[in-house]
Amino acid sequence: GPSIRKELDFVQVRADFNGVTEAFDEDTQRGTDRLVRIILQDITELETANRQKPGVPRSQKRLSIVQGKLSKLEKAFDDFLAFV
């Protein structure tokens with residue numbers, strides 16, 4: 001939960017993406033803007049899925065959900081990097 005927000009701070013992530021996408025033409029920016037929104041949404045979903053009460057072991061089902069969210073986020077980053 002909090003470690004994800006700390007490492008993937010929304011404000012910084014958005015600022016970093018904005019810095020990169022400024023170099024693209026408008027048509028490309030439309031595609032990258034969509035991917036940036038997807039990435040930010042995926043970070044939120046990962047943070048939510050990763051929440052765990054202290055001292056409670058993570059079930060296999062919850063672990064699978066977190067792994068799925070990580071895979072989805074990885075794909076979104078890969079799609080974005082295809083523009084670079």
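- Between atom CG of residue Leu70 and atom CG of residue Leu46 there is a gap of 5.0 Å, rounded to the nearest 0.5 Å.
- Atoms CG and CG, on Asp16 and Leu8 in that order, are 10.5 Å from each other to the nearest 0.5 Å.
- Under the 4.0 Å criterion applied to side-chain N and carboxylate O atoms, Arg37 and Asp33 are not assigned as salt-bridge partners.
- The side-chain heavy atoms of Phe80 and Ile38, taken from C-beta on, include no pair separated by under 4.5 Å.
- Ion pairing between Lys69 and Glu47 fails under the 4.0 Å rule for side-chain N and carboxylate O.
- At a cut-off of 3.5 Å, with distance as the only test, no side-chain donor of Asp25 or Gln29 sits close to an acceptor on the other residue.
- Atom-to-atom distance recorded for Leu40:CG and Phe17:CZ is 7.0 Å, nearest 0.5 angstrom.
- Under a hydrophobic-cluster definition in which Ile, Leu, Val, Met, Phe, Trp and Tyr are linked whenever side-chain heavy atoms come within less than 4.5 Å, directly or via other members, Ile39 and Ile4 are assigned to the same cluster.
- A donor-acceptor pair under 3.5 Å links the side-chain atoms of Arg62 to the main chain of Arg51, judged by distance alone.
- Between the side chain of Thr28 and the main chain of Phe24, no donor-acceptor pair closer than 3.5 Å is present.
- For the atom pair CD (Gln52) and CG (Leu63), the distance works out to 10.0 Å, reported to the nearest 0.5 Å.
- Residues Val66 and Arg58 meet the side-chain proximity criterion, which asks for heavy atoms closer than 4.5 Å.
- Distance CD1/Ile43 to CG/Asp9: 9.5 Å, rounded to 0.5 Å.
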